[in-house]
Asks: 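Submitted below is the structure of interest, expressed as structure tokens.
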Amino acid sequence: MHTRRAVVGGVSTALTVGLAGCGALASPEPTVTETEIDGGLEALIGETDVYVVVRNDGAAGDIEVTMELLDEDEVVLYEDSHTVAFDADETKRVTFSVDVPEDTSQVAAAASAA
């Protein structure tokens, strides 16, 4: 037979563990939804802006957005990242102003909780 004290103590412990688990889940969940080059691929040489659209499906927090310029063999020629503060369920466009190397043939972007 369970005593009232044992039941109340067990509920208290379960509630504490449950709340601790919620805190661990409260972080940004970023996804890159679009990558756009100012002027299109034709403008991919010289000074250009690259736009990375990131959607945060999680809680508010800092998100690190990374943009890479790659050659035909997917060798990274240039990499840059920005840490940006996001609200919960917010979408932002992050701008990278870069001097694009001559052999660049593609752009890649990623986002992760910072």
Side-chain angles (χ1 to χ4, degrees):
M1 176 173 199
H2 300 290
T3 65
R4 176 180 159 88
R5 181 173 294 217
V7 171
V8 172
V11 169
S12 175
T13 302
L15 184 58
T16 303
V17 170
L19 291 176
C22 289
L25 297 175
S27 64
E29 295 179 22
T31 303
V32 173
T33 61
E34 183 181 357
T35 303
E36 178 186 342
I37 302 158
D38 191 28
L41 282 174
E42 304 78 39
L44 203 55
I45 303 297
E47 191 68 32
T48 301
D49 286 336
V50 177
Y51 308 108
V52 178
V53 179
V54 177
R55 182 182 71 234
N56 177 24
D57 292 325
D62 288 344
I63 293 176
E64 183 176 28
V65 182
T66 302
M67 185 272 313
E68 297 177 334
L69 302 176
L70 310 160
D71 67 9
E72 290 178 354
D73 299 320
E74 297 188 3
V75 173
V76 177
L77 301 173
Y78 177 85
E79 180 178 337
D80 192 10
S81 25
H82 298 302
T83 300
V84 182
F86 275 76
D87 287 333
D89 301 319
E90 181 178 27
T91 299
K92 286 188 179 182
R93 183 169 94 162
V94 180
T95 303
F96 294 87
S97 295
V98 298
D99 187 13
V100 180
E102 188 174 322
D103 294 336
T104 301
S105 63
Q106 55 186 312
V107 177
S112 61

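All of these numbers come straight from a predicted model, not from anything done at the bench. For reference, positions follow the sequence shown, starting with 1.
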Asks: Only counting residues at least two apart or in another chain, list the ones meeting side chain to side chain contact (heavy atoms under 4.5 Å, CB included) with Asp87.
Replies: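 Once residues adjacent in sequence are excluded, the partners of Asp87 under the side chain to side chain contact (heavy atoms under 4.5 Å, CB included) criterion are Glu90.
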Asks: Using the test side chain to side chain contact (heavy atoms under 4.5 Å, CB included), find all partners of Ser112 that sit at least two apart in sequence or belong to another chain.
Replies: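 Testing Ser112 for side chain to side chain contact (heavy atoms under 4.5 Å, CB included), a comparison that skips the adjacent residues, returns Glu64.
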Asks: If a pair satisfies ring pair (Phe, Tyr, Trp, His ring centres under 6.0 Å) and one of its residues is in residues 92-114, list it, with sequence neighbours excluded.
Replies: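 Every ring pair (Phe, Tyr, Trp, His ring centres under 6.0 Å) pair that includes a residue of residues 92-114, provided the two are not neighbours, is His82-Phe96.
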Asks: May I ask whether Ile63 and Val32 are part of the same hydrophobic cluster, defined by side-chain heavy atoms of I, L, V, M, F, W, Y residues being less than 4.5 angstrom apart, directly or through others?
Replies: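 Hydrophobic grouping puts Ile63 with Val32.
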Asks: List the atom of Asn56, the atom of Pro28, and the distance in Å for their closest heavy-atom pair.
Replies: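 So the two residues come closest at OD1-CA, 3.4 Å.
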Asks: What residues, two or more places apart in sequence or in another chain, satisfy side chain to side chain donor-acceptor pair (under 3.5 Å) together with Ser97?
Replies: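 Ser97 satisfies side chain to side chain donor-acceptor pair (under 3.5 Å) with Asp49 only.
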Asks: Under the side chain to side chain donor-acceptor pair (under 3.5 Å) rule, collect the residues that match up with Asp57, sequence neighbours excluded.
Replies: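 Partners of Asp57 by the side chain to side chain donor-acceptor pair (under 3.5 Å) criterion, ordered by chain and then number, come out as Arg55.
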Asks: For residues Leu77 and Asp103, report the shortest heavy-atom separation together with the two atoms involved.
Replies: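 Of all heavy-atom pairs spanning Leu77 and Asp103, the closest is CD1-C, 3.7 Å.
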Asks: How would you list, by chain and number, every residue that makes a side chain to side chain contact (heavy atoms under 4.5 Å, CB included) with Asp73, sequence neighbours excluded?
Replies: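 Per chain and number, Asp73 pairs via side chain to side chain contact (heavy atoms under 4.5 Å, CB included) with Asp71, Val75.
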Asks: For Ala85, give me all partners under side chain to side chain contact (heavy atoms under 4.5 Å, CB included), at least two apart in sequence or on another chain.
Replies: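 Applying side chain to side chain contact (heavy atoms under 4.5 Å, CB included) to Ala85 gives Asp62.
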Asks: If every non-hydrogen atom of Ala26 is compared with every non-hydrogen atom of Ala59, which pair is closest and at what distance?
Replies: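 Heavy-atom minimum between the residues: C-CB, 3.7 Å.
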Asks: Please report the interatomic distance CE(Met67) to OH(Tyr78), rounded to the nearest 0.5 Å.
Replies: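 Between atom CE of Met67 and atom OH of Tyr78 there are 5.5 Å.
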Asks: Do Val54 and Thr91 have side chains that approach each other closer than 4.5 Å (heavy atoms only, starting at C-beta)?
Replies: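 The answer is no, as the side chains (C-beta and beyond) never meet within the 4.5 Å cut-off.
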Asks: Shared ILVMFWY cluster between Val65 and Val100, side chains joined below 4.5 angstrom?
Replies: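 Cluster IDs for Val65 and Val100 match.
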Asks: Any sub-3.5 Å donor-acceptor pair from Asp38's side-chain atoms to Val50's backbone N or O?
Replies: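 Judged by distance alone, no pair lies under 3.5 Å.
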Asks: Side chain to side chain donor-acceptor pair (under 3.5 Å) with Arg93: which residues, sequence neighbours excluded?
Replies: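 Per chain and number, Arg93 pairs via side chain to side chain donor-acceptor pair (under 3.5 Å) with no residue.
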Asks: What's the separation between atom OG1 in Thr95 and atom CD in Glu36, rounded to the nearest 0.5 Å?
Replies: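 It comes to 9.5 Å.
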